[in-house]
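Written below as C-alpha cells is the structure these notes are about.
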Amino acid sequence: MKKEKYRYALIGCGFFAQNHLHAWSQNPDVELVATCDVDFEKAKAAAETFGGTAYSSAEKLFANEKLDFVDIATTPPTHKMMVELAAKNGVAAICQKPLAWDMGDAKAMVEAMSDKNLPFMVHENFRFQTPMRKIKEIIDSGAIGRPFFGRICFRTAHDVYSAQSWLVESERMIIVDVAVHLFDLARYFIGEPKTIFTSAHRVNPIIKGEDSATILMHMEDATCIVDASYETRSDHSTYPQTFVIIEGTKGAITLSADYHLQVVSGTSVSNEVIEIPDHGWTSQPWNGIQDSVVNVNKHWIDCLRNAKTPETSGEDTLKLLDITLGAYESINSGQVFTVGSLLK
Ligand code: NAD
Ligand code: 89V
C-alpha cells in the first residue's frame, strides 16, 4: 500500500496511547483522522491535542471514516472485537500487546486479517528499544560467538497500579503484562524455545493475578531465564528498564541500570552508555520505552510502504502467545510446557 500519507485512527486513548499519539504526531507519513474511546472525554481530549474527529464508538468510527489503518491501544479484552472490526471494514491494523488471552481468539484475529490480505502487526515494542536493537546487532556480528545463556529481567516495586488500575482486576497479570515482552526479547536474541517451566506467585494480596514470575526457557542449545516482579523492594529507580545478560561462546553482553552496556568479546571489554534519542515529548523514566514507540511506528510504515511482513506480525505473535499462555499452562499443571502445543 504505497501512499504519501496514511490516514489512521487511534482507538483507546488511555494511559499508553498518549505515547502512540505523540510518536505519530512527529511522523510525517501519517495523518490522524480520528480518535476513539468509550470514554468520550478521552477521545475528545486526544483529538483536541493531536487532531481528527472524536468518536465514542469504534463501529461509528469505521462507518464514517475512510482509513488506511487503525492503531488499537485499548485493554486486552477488546482487542479481538477491534481487530475483527478492522478486518470487516478492510482496514490494516496494529494492535497493542498482549494480542489476546486465548489462542482461539488470537488465531481468529490473525485469520480475519489474512483472509482479507490486510497488514497486521502487534505493538510488541521491547525489541524496538534502542539498546535492544544494539544488542541484537552485536549478537548478529558474531562478537560473542554462539549465545548459550540469557537472563532477561524486569523487577521493580514501582506502583504500576496507579496508572494502570485495570491490572489490579486482571486474572492474568505480570506474565501477560511484562513477561510477554521478555519472551519476545529471548526469541529475538537467542531463538525459539522448545520447552518452558514457570514458577509464579501473587505477593500483593490486593491483586487477582500473579505479580512475580520466573520462567526457565530451554532452547535447542541454550537456556534463558525470564524473571519479572512488581514487588521487588530493592532500588527500583530504574523502572521501566529491562536488564539483559547474554553469554556466548566467545564473550558476553550485559545491559544494566541506565542503559549501561558492557560487551566482552574475546579479550576485549567495552563499556558504553546507550543514548536514548530525545523526541521532545519523551521524558524519564519512560524515555526508553517511549522511544521504542517511535521505532515501532517507523517499522509499520516501512512495512506498509514496501509490502514487508512486520517483525511482530500477527502470525509471529501466535508463537509468542503460545509461550505466554504456555507459561500459565505450566503454572496450572506444575509441569514443563512443550512450546507449540497451543498452535496445533
Ligand atoms: P488504559 O485503561 O489506560 O487505556 C485503555 C483505553 O481504552 C481506556 O481509555 C478505555 O476507555 C478504552 N477502551 C476500552 N474499551 C474500549 C472500547 N470498546 N472502545 C473504545 N475504547 C475503549 O490502558 P493502558 O494501560 O493504556 O493499556 C492499553 C493497552 O496497552 C493494553 O493492551 C496494555 O497491555 C498495553 N500497554 C503496552 C505498553 C507497552 O510498552 N507496549 C505499556 C502499557 C500498556
Ligand atoms: O508493557 C506494559 O504493559 C507496561 C510495562 C511497560 C511497564 O511493562 O505495563
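As the structure is a prediction and not an experimental result, all values here were calculated from the model. Counting starts at 1 for both ligands and their atoms, in listed order. Computed from heavy atoms alone, side chains included, the values below leave out hydrogens, waters and symmetry copies.
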- Short list, please: which atoms of ligand 1 are under 4.0 Å from a heavy atom of Pro98? 34 (O)

- Task: Return the residue, atom name and 0.1 Å-rounded distance of the protein heavy atom closest to atom 14 (C) of ligand 1.
- Result: Val38 CG2, 4.0 Å

- Item | Those atoms of ligand 1 less than 4.0 Å from some heavy atom in Lys42 | 8 (C), 9 (O)

- Query: Which residue supplies the protein heavy atom nearest to atom 24 (P) of ligand 1, what is that atom called, and how far is it?
  - Reply: Trp166 NE1, 3.6 Å

- Tell me, please: is Glu124 in heavy-atom contact with ligand 1, that is, under 4.0 Å? no

- Item | Under-4.0 Å heavy-atom contact with ligand 1, by part of Thr78 that carries it | side chain

- Message: Using a 3.5 Å cut-off on N or O atoms only, is Met82 in polar contact with ligand 1?
- Response: no

- Closest non-hydrogen atom pair between Trp300 and Pro119, with its separation: CH2-O, 3.6 Å

- For Leu32 and Leu10, work out which heavy atoms get closest and say how close. CD1-N, 4.1 Å

- Message: Show, in sequence, the C-alpha distance, side-chain angles and deciding distance for Asp291 and His279, and conclude whether the side chain to side chain donor-acceptor pair (under 3.5 Å) test is met.
- Response: CA-CA 7 Å; Asp291 170 56; His279 301 286; 2.7 Å; yes

- Could you list all the side-chain hydrogen bond (donor to acceptor under 3.5 Å, both in side chains) pairs where at least one residue sits in residues 330-344, not counting sequence neighbours? none

- For the rings on His299 and Phe128, is their centre-to-centre separation under 6.0 Å? yes

- Query: Ion pair present between Lys319 and Asp322, side-chain N to carboxylate O less than 4.0 angstrom?
  - Reply: no

- Query: If you take all heavy atoms of Phe120 and Cys95, which pair is closest and at what distance?
  - Reply: CE1-CB, 4.0 Å

- Note on the structure: Heavy-atom proximity to atom 12 (C) of ligand 1, picking from Leu85, Asp37, Thr35, points to Asp37

- Item | Worked verdict on His181 versus Glu124 for side chain to side chain donor-acceptor pair (under 3.5 Å) | CA-CA 7 Å; His181 294 302; Glu124 179 40 75; 2.6 Å; yes

- Any side-chain donor-acceptor pair under 3.5 Å between Asn204 and Tyr161? no

- Message: Within the 4.0 Å heavy-atom shell around His79, which atoms of ligand 1 are there?
- Response: 32 (O)

- Task: Nearest 0.5 Å please: distance from the CE atom of Met109 over to the CG atom of Leu99.
- Result: 4.0 Å

- Any N/O pair Thr75/ligand 1 closer than 3.5 Å: no

- Note on the structure: Short version for Asn125: what comes under 4.0 Å of ligand 1, heavy atoms counted, is side chain

- For Phe189 and Met132, the nearest pair of non-hydrogen atoms, with its separation, is CE2-O, 3.5 Å

- With the threshold set at 4.0 Å, does a side-chain nitrogen-carboxylate oxygen contact exist between Glu84 and Lys80? yes

- Query: Touching ligand 1 at all, Pro76? Heavy atoms, strictly under 4.0 Å?
  - Reply: yes

- Query: Which residue owns the protein heavy atom closest to atom 37 (C) of ligand 1, what's the atom, and how far is it?
  - Reply: Gln96 OE1, 3.2 Å

- Note on the structure: When distances are taken from atom 1 (P) of ligand 1, the protein heavy atom at minimum range is Phe15 N, 4.0 Å

- Query: Does the side chain of Asn125 come under 3.5 Å of the side chain of Ser292 through a donor N or O and an acceptor N or O?
  - Reply: yes

- Do any pairs count as a salt bridge (Lys or Arg N to Asp or Glu O under 4.0 Å) and have a residue in residues 21-35, sequence neighbours left out, and if so which ones? Asp29-Arg305

- Look at atom 32 (O) of ligand 1 and find which of Gln164, Met81, Lys97 reaches it with the closest heavy atom. Lys97

- Item | For ligand 1, the portion of Ala73 having any non-hydrogen atom under 4.0 Å away | backbone

- Query: Are Asp184 and Arg127 ion-paired here, with the side-chain N under 4.0 Å from a carboxylate O?
  - Reply: yes

- Query: What are the atoms of ligand 1, with element, lying closer than 4.0 Å to any heavy atom of Gly14?
  - Reply: 3 (O), 4 (O), 6 (C), 9 (O)

Between the protein and ligand 2, are there any N or O atom pairs that come within less than 3.5 Å of each other, and if so, what are their names and distances?
residue	atom	partner	partner atom	Å
ligand 2	1 (O)	Lys97	NZ	3.2
ligand 2	1 (O)	His181	NE2	2.7
ligand 2	3 (O)	Lys97	NZ	2.7
ligand 2	3 (O)	Asp177	OD1	2.9
ligand 2	9 (O)	Gln164	OE1	3.3
ligand 2	9 (O)	Asp177	OD1	3.3
ligand 2	9 (O)	Asp177	OD2	2.7

- Query: In terms of residue, atom name and distance, what is the protein heavy atom nearest to atom 26 (O) of ligand 1?
  - Reply: Phe16 N, 2.9 Å

- Task: Scan residues 6-47 for pairs that pass ring pair (Phe, Tyr, Trp, His ring centres under 6.0 Å), counting only residues two or more places apart or in two chains.
- Result: Tyr8-Trp24, Tyr8-Phe69, Phe15-Trp286, Phe16-His20, His20-His123, His22-Phe50, His22-Trp281, Trp24-Phe69

- Query: Going by heavy atoms, is Ser165 under 4.0 Å from ligand 1?
  - Reply: no

- Heavy-atom proximity to atom 31 (C) of ligand 1 ranks first, among Thr74, Leu10, Asp39, Ile289, for Thr74

